[in-house]
Protein chains: 2
Amino acid sequence: MALAHSPDPVTDAAFTERQAAVLEVALNLLVEGGDKALTTAGLAKAANCSKESLYKWFGDREGILSAIVTYQASKVRGADERANPTTKEDFKQALSAFSEDLLAVLLSETSLALNRLSIGQVRGEAARGESAGLGAVLVDRGKRRIEARAIHLLTHGKRQRFITFDDAADAYTTLYGLIIGDLHIRALLGDHPDLDDSEHQARTRAAIDRFLTLFANALD
Amino acid sequence: MALAHSPDPVTDAAFTERQAAVLEVALNLLVEGGDKALTTAGLAKAANCSKESLYKWFGDREGILSAIVTYQASKVRGADERANPTTKEDFKQALSAFSEDLLAVLLSETSLALNRLSIGQVRGEAARGESAGLGAVLVDRGKRRIEARAIHLLTHGKRQRFITFDDAADAYTTLYGLIIGDLHIRALLGDHPDLDDSEHQARTRAAIDRFLTLFANALD
DNA sequence: TAGGTACTGTACGGTTCGGTACGGCGTTCA
DNA sequence: TGAACGCCGTACCGAACCGTACAGTACCTA
């Protein structure tokens with residue numbers, strides 16, 4: 001997977017520059033007003049475009065929302081896969097970097113808005129024929145990439161015998177849990193926690209220490 | 001805080017029996033159709049009551065939603081505070097019980113629906129003057145109680161020297177993270193995971209083992 | 001200059017839904 | 001018996017909003 005294709009991280013996704021600009025405005029509306037603040041008329045006015053253009057470009061309102069998610073997801077940087085630390089200290093450093101990135105992303109206002117949007121679209125049990133709709137896109141293009149990066153790092157760490165584990169996915173989930181805890185769900189619920197940067201670092205330090213304790217290579 | 005009041009866990013909260021029945025129906029509608037499936041007309045029809053009654057009882061739609069959350073939250077059992085295990089094995093057992101309860105609750109369809117609802121209500125940044133609205137209620141009456149139960153258990157475990165820690169809240173968050181990982185957010189997004197019961201047990205076992213490893217009393 | 005393309009701005013139809021008003025029915029109480 | 005009360009069912013109103021239609025404008029090309 002992950003062919004060396006990767007055309008253009010910015011102008012990718014078949015979005016005109018104009019369209020991207022409109023989506024950017026839409027995202028802002030979404031961040032500072034939630035789902036129902038994003039009306040077609042409102043977006044048209046805010047973005048200085050006509051409703052007719054919106055419908056020509058995106059089909060319908062659902063299409064606009066979907067486009068926002070897709071567009072934003074296309075901006076997550078590809079994770080420098082070449083980060084293959086050779087010393088245990090570097091490995092720990094790489095884990096810490098991942099942790100802080102994860103915290104920064106998940107608690108960012110735009111990520112929260114997008115997650116709220118996607119979650120709001122989920123209908124109970126029998127979600128249409130299309131499995132999950134928006135949430136699926138968000139998970140696929142957002143979380144999966146982060147997960148891939150982490151698992152790559154973890155597997156590398158295992159090969160280098162910095163850590164040991166049987167199931168990479170399980171190890172990743174544990175790492176995630178140690179880092180995030182219940183911060184994400186509380187942030188989603190509006191329980192605004194710390195935006196403090198040093199807080200993140202402290203949290204990261206504790207999480208990584210614990211993770212390394214759990215998965216330390218017995219040979220050490 | 002938390003006076004020994006606690007009138008009646010069931011018929012509490014000043015809800016008539018009739019009203020409770022209506023709220024039950026409303027909850028069902030919510031579970032199997034999400035936020036916008038719960039219209040006042042729809043609820044009136046489904047619950048065999050008149051819209052006029054709905055507005056007399058709950059004020060407006062917001063009041064209905066709020067009542068649903070309050071009502072449901074009033075049903076969380078008070079957590080048997082008397083569970084004070086005396087042996088380390090019993091303590092571990094108590095932790096496991098807590099873990100499975102937590103998983104069962106958080107991944108239940110009703111809990112997910114309520115969380116989705118509350119999250120959907122959150123407006124970006126400047127949420128009205130009323131801080132957080134629904135989400136706050138959910139956090140307060142739902143999560144806080146669970147947290148209280150866990151912290152009680154943990155503190156007890158510390159007193160008994162089964163485990164050791166400095167910050168109880170931090171220990172709890174760690175426990176939570178080890179148990180839940182990213183299951184909750186994925187479930188909220190519609191990424192339907194395992195409803196399997198044995199899965200929960202396995203997950204619980206791993207989480208508790210790890211937790212005890214991290215917080216084991218050094219004297220052991 | 002003429003025609004085509006892409007877009008803006010606005011106006012309009014149609015629908016959904018929150019909230020209110022009103023008539024009717026059953027029950028309780030004097 | 002009759003009056004008051006609570007509630008149901010329904011009809012109704014107004015607002016919001018999605019989606020479409022249409023006229024006007026800027027730009028590009030032959």
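Not measured: the values here are computed from a predicted model. Chain A is the first sequence line, chain B the second, and so forth, proteins listed ahead of strands; every chain is numbered from 1.
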Q: What is the distance, rounded to the nearest whole Å, between atom CD1 of I64(A) and atom C1' of dG19(D)?
A: 11 Å
Q: Give the residues of residues 40-48 of chain B touching DNA chain C, defined as any heavy atom closer than 4.0 Å, sorted by residue number.
A: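 Within this stretch, T40(B) sit under 4.0 Å of the strand.
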Q: Quick test of your reading of the model: are E100(A) and R203(A) salt-bridged, counting only N-O distances below 4.0 Å?
A: no
Q: Work out which heavy atom in L214(B) is nearest to a heavy atom in R210(A); give both atom names and the distance.
A: CD2-O, 3.7 Å
Q: Indicate whether OP1 or OP2 belonging to dA16(D) is found under 4.0 Å from a side-chain N or O atom of R61(A).
A: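 Looking at the OP1 and OP2 atoms of dA16(D), neither is under 4.0 Å from any side-chain N or O of R61(A).
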Q: Please give, in whole Å, the distance from dC18(D) P to K36(A) NZ?
A: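 Checked: the NZ to P distance equals 12 Å.
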Q: If you take all heavy atoms of A37(B) and L29(B), which pair is closest and at what distance?
A: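 Minimum heavy-atom separation between A37(B) and L29(B): CB-O, 4.3 Å.
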Q: Take the protein atom CG of D35(A) and the nucleotide atom C1' of dA16(D), then report the distance between them rounded to whole Å.
A: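 For the pair D35(A) CG and dA16(D) C1', the rounded distance is 14 Å.
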Q: Output yes when D35(B) and R61(B) qualify as a salt bridge under the 4.0 Å nitrogen-oxygen rule, no when they do not.
A: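 Looking at D35(B) and R61(B), the cut-off is met.
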Q: Would you say that more than 12 heavy atoms from the other residues, nucleotides or ligands in this model lie under 6.0 Å from the CG of D167(A), or not?
A: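 Result for CG/D167(A): enclosed.
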Q: Output yes when a side-chain donor or acceptor of T155(A) lies under 3.5 Å from a complementary backbone atom of I151(A), and no otherwise.
A: yes
Q: Considering only heavy atoms, which members of residues 20-29 of chain B lie under 4.0 Å from some atom of DNA chain D?
A: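 Within this stretch, nothing sits under 4.0 Å of the strand.
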Q: Has Q19(B) got a side-chain atom pairing as donor or acceptor with T16(B)'s backbone, closer than 3.5 angstrom?
A: yes
Q: For A26(B) versus I68(B), what's the shortest heavy-atom pair and its separation?
A: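 So the minimum-distance heavy-atom pair works out to CB-CD1, 3.5 Å.
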Q: Using a 3.5 Å distance criterion without hydrogens, assess whether the side chain of D191(A) forms a donor-acceptor pair with backbone atoms of A187(A).
A: no
Q: Is the shortest distance from a Lys or Arg side-chain nitrogen in R149(A) or D101(A) to a carboxylate oxygen in the other one below 4.0 Å?
A: yes
Q: Near DNA chain C, counting only heavy atoms under 4.0 Å, which residues of residues 51-58 of chain B show up?
A: K51(B), E52(B), Y55(B)
